[in-house]
Amino acid sequence: MEQTLTATHDTAAAWAGIGSAVAHMWHQKAVPSSVVGVLSAFLYLGNILVLHITTPALFSAVAFNSSQSAKIGTQSLPAFNYSGYSPSNASSIFFDVSDYASRTLTVLPSILGSTANPGLYFGTLYDILDDNLGTGDVTTNATGFNITCGYLTDVGVQFDAQSFSGWLGSSAGQDFFVYPAPTGVITIPGIVSTTGFPDSLIVYTTIPIVDSRGTQSPLTTLDPPFNNSVSAIQIFRCSQTLVNQTAVVDAQSNKILVVEPDILKTTSSWGPYSGPDQYLSYSDMLKPPNPLISAWSLWYSSIPQSDVPINQQAIESLSVAELYLIQRFNLHPPSQNGAPSNVTLHDLENALSILVASMFYTLGNSPPKHGTVEYANNGSLPYFGIQNVTKPVSFLRGTAMVTQISTQGRLDLSIISVSVGLTASVALLLLSLPTSLVNAGSGGDSHTPIGGTGILHSIWLYRNHPELELLLEQVEHPTDQNLREAGMVQTRLVGAQIRHRRYESS
Ligand SMILES: *[C@@H]1O[C@H](CO)[C@@H](O)[C@H](O)[C@H]1NC(C)=O
Ligand SMILES: *[C@@H]1O[C@H](CO)[C@@H](O)[C@H](O)[C@H]1NC(C)=O
Ligand SMILES: *[C@@H]1O[C@H](CO)[C@@H](O)[C@H](O)[C@H]1NC(C)=O
Ligand SMILES: *[C@@H]1O[C@H](CO)[C@@H](O)[C@H](O)[C@H]1NC(C)=O
Ligand SMILES: *[C@@H]1O[C@H](CO)[C@@H](O)[C@H](O)[C@H]1NC(C)=O
Ligand SMILES: *[C@@H]1O[C@H](CO)[C@@H](O)[C@H](O)[C@H]1NC(C)=O
Ligand SMILES: *[C@@H]1O[C@H](CO)[C@@H](O)[C@H](O)[C@H]1NC(C)=O
Ligand SMILES: *[C@@H]1O[C@H](CO)[C@@H](O)[C@H](O)[C@H]1NC(C)=O
Ligand SMILES: *[C@@H]1O[C@H](CO)[C@@H](O)[C@H](O)[C@H]1NC(C)=O
């Protein structure tokens with residue numbers, strides 16, 4: 001187009017790069033030849049620079065933790081393992097589990113009162129999670145063993161002088177032995193349990209068990225009194241109800257955090273026994289839901305004996321469960337001065353609940369690691385042999401939902417980069433419009449033979465425009481400043497009409 005030579009020079013030089021464009025913007029201060037041309041070159045290249053920066057900044061990869069729920073298996077309550085039994089001999093599992101209990105429950109004292117066993121929490125057994133990738137807290141099912149005791153209304157105790165010189169009790173058609181406890185050299189006060197029913201436990205005591213009102217249950221007279229000191233005992237029967245609970249446990253350690261609802265009793269009052277009172281055969285008892293749990297009293301009476309005899313006469317010893325009760329309540333014989341003399345009913349029920357839960361925990365989780373030494377009689381000589389212990393107890397299975405955390409990646413769109421890039425692109429479009437329109441409007445002239453602004457092109461132009469020699473003043477020192485001043489002549493280098501006019505600046 002027709003313009004000054006300096007404008008052509010400045011515009012062409014500005015297109016060489018952003019640095020050159022900046023320099024020529026500066027040069028416009030001295031000789032303002034083509035402010036618009038240089039500025040548009042500067043803006044065009046500047047916007048391309050902006051695009052170069054914003055394009056890689058459009059996306060950023062971000063790592064984030066995502067949590068998903070996953071269903072996992074749990075180990076729930078212990079139950080009979082019937083493998084190896086057929087329907088016809090299934091009830092023999094009761095004898096096998098009794099036998100198994102008498103061996104494995106030797107570890108009960110180390111379980112009782114310990115809170116280090118995942119799955120056991122006082123009187124509650126909660127489901128243990130299988131190995132999993134979860135984190136945080138998990139809700140699982142739990143079962144509370146709620147023991148409730150009531151006095152017997154039909155109990156009778158008679159001294160049996162003939163057969164064993166002791167007292168024999170009976171209730172609901174079941175007989176049981178009564179060994180009053182405080183006596184002799186070893187003076188153990190008595191909370192002693194006995195059974196006769198698979199689903200409930202008969203307990204008698206020589207020390208008072210009082211309820212929250214401070215009252216005792218009706219006493220049963222011993223006639224004659226035992227060693228002239230114990231003339232009456234409390235006899236009662238305890239039954240179990242299962243309480244559905246939920247426990248919150250740690251996904252990895254299986255440690256319990258919360259269990260609801262609480263089964264710990266804080267009050268109680270004596271009433272007549274109201275639990276199950278129906279004598280069932282073993283095959284009747286094999287009914288669902290969980291005969292192992294229902295027949296709790298059978299395993300309770302299989303708890304091994306300690307080496308503390310009940311009294312001087314009896315061959316029987318206190319079981320480790322009874323010893324636990326004596327230790328837990330700090331029981332002393334009545335003859336001892338200042339000894340605590342009574343126990344509250346709810347404390348006893350809570351203690352029995354812990355005993356039963358610990359017992360089932362042990363039956364399920366602590367099989368004997370080695371064979372046990374057994375007394376055997378093979379017909380000729382009695383001998384001791386090692387017997388392998390088979391475990392007829394397995395576990396029910398449950399489910400729980402755990403939360404698994406995993407690290408994932410995503411591309412984040414940068415809204416700033418996108419807006420800046422979009423603005424730059426629109427600016428580029430607008431800046432290129434004039435050039436496109438000029439090219440489109442110049443018709444046949446648009447096919448200019450000049451493809452650059454190098455020195456060869458310059459010489460060619462000079463040779464084809466001899467008038468430039470007249471137009472351009474000779475410059476002594478070819479500094480940028482001087483050349484640009486000299487080039488302020490209006491001309492058109494390519495195309496038909498060439499008008500020459502010296503550009504006069506004011
Ligand atoms: C029960 O009976 C089956 C066959 O009916 C037999 O294989 C199994 O050994 C028996 N189990 C017991 C404990 O007697
Ligand atoms: C609890 O047990 C019930 C019935 O067995 C089952 O439907 C439920 O999914 C269990 N819940 C958990 C948290 O294990
Ligand atoms: C009865 O009690 C006395 C002391 O109170 C004791 O010396 C004696 O051995 C006891 N007798 C029996 C049979 O337990
Ligand atoms: C406890 O849950 C089991 C199964 O989930 C159900 O059969 C039983 O009735 C529930 N017991 C109580 C007391 O809600
Ligand atoms: C425990 O059992 C008794 C008697 O069946 C019942 O009254 C009581 O509500 C039960 N306790 C819980 C916590 O369910
Ligand atoms: C239980 O013991 C307390 C103190 O140890 C005593 O005050 C209370 O009278 C006793 N109750 C019974 C029924 O013996
Ligand atoms: C009984 O056991 C003893 C000692 O192990 C052995 O010497 C004897 O042969 C056995 N008798 C029978 C009948 O198996
Ligand atoms: C006890 O088990 C061991 C291996 O577990 C076996 O070698 C041994 O024969 C078994 N003993 C009896 C009496 O079954
Ligand atoms: C039941 O016992 C058999 C053999 O005694 C054993 O192979 C099986 O795994 C046990 N089942 C469960 C669920 O523990």
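Start at 1 and go down the list; that is how both ligands and their atoms are numbered.
Of all non-hydrogen atoms in Trp296 and Ser200, the two that sit nearest each other are CZ2-CA, 3.8 Å.
Applying the ring pair (Phe, Tyr, Trp, His ring centres under 6.0 Å) rule to Tyr273 yields no partners; only residues at least two apart in sequence or on another chain are considered.
Side chains of Asp412 and Ser60: no donor on one and acceptor on the other come within 3.5 Å.
Interface of Val243 with ligand 5, defined as ligand atoms under 4.0 Å from a residue heavy atom, comprises 12 (C), 14 (O).
Aromatic rings of Phe360 and Phe145 (six-membered ring for Trp) have centroids within the 6.0 Å cut-off, being under it.
Inclusion of Lys265 in the set of residues having an N or O under 3.5 Å from an N or O of ligand 5 is not warranted. Geometrically, ligand 5 and Asn146 share a nitrogen or oxygen pair separated by less than 3.5 Å.
Side chain of Asn89 to backbone of Ser92: no donor-acceptor contact under 3.5 angstrom is found.
Atom NZ of Lys255 is surrounded by 12 or fewer heavy atoms from other residues, nucleotides or ligands within 6.0 Å.
In this structure, Tyr151 and Trp270 have tilted ring planes: the angle between them lies in the 30° to 60° band.
Near ligand 9, residues Asn81, Ser83, Ser394 come within 4.0 angstrom through at least one heavy atom.
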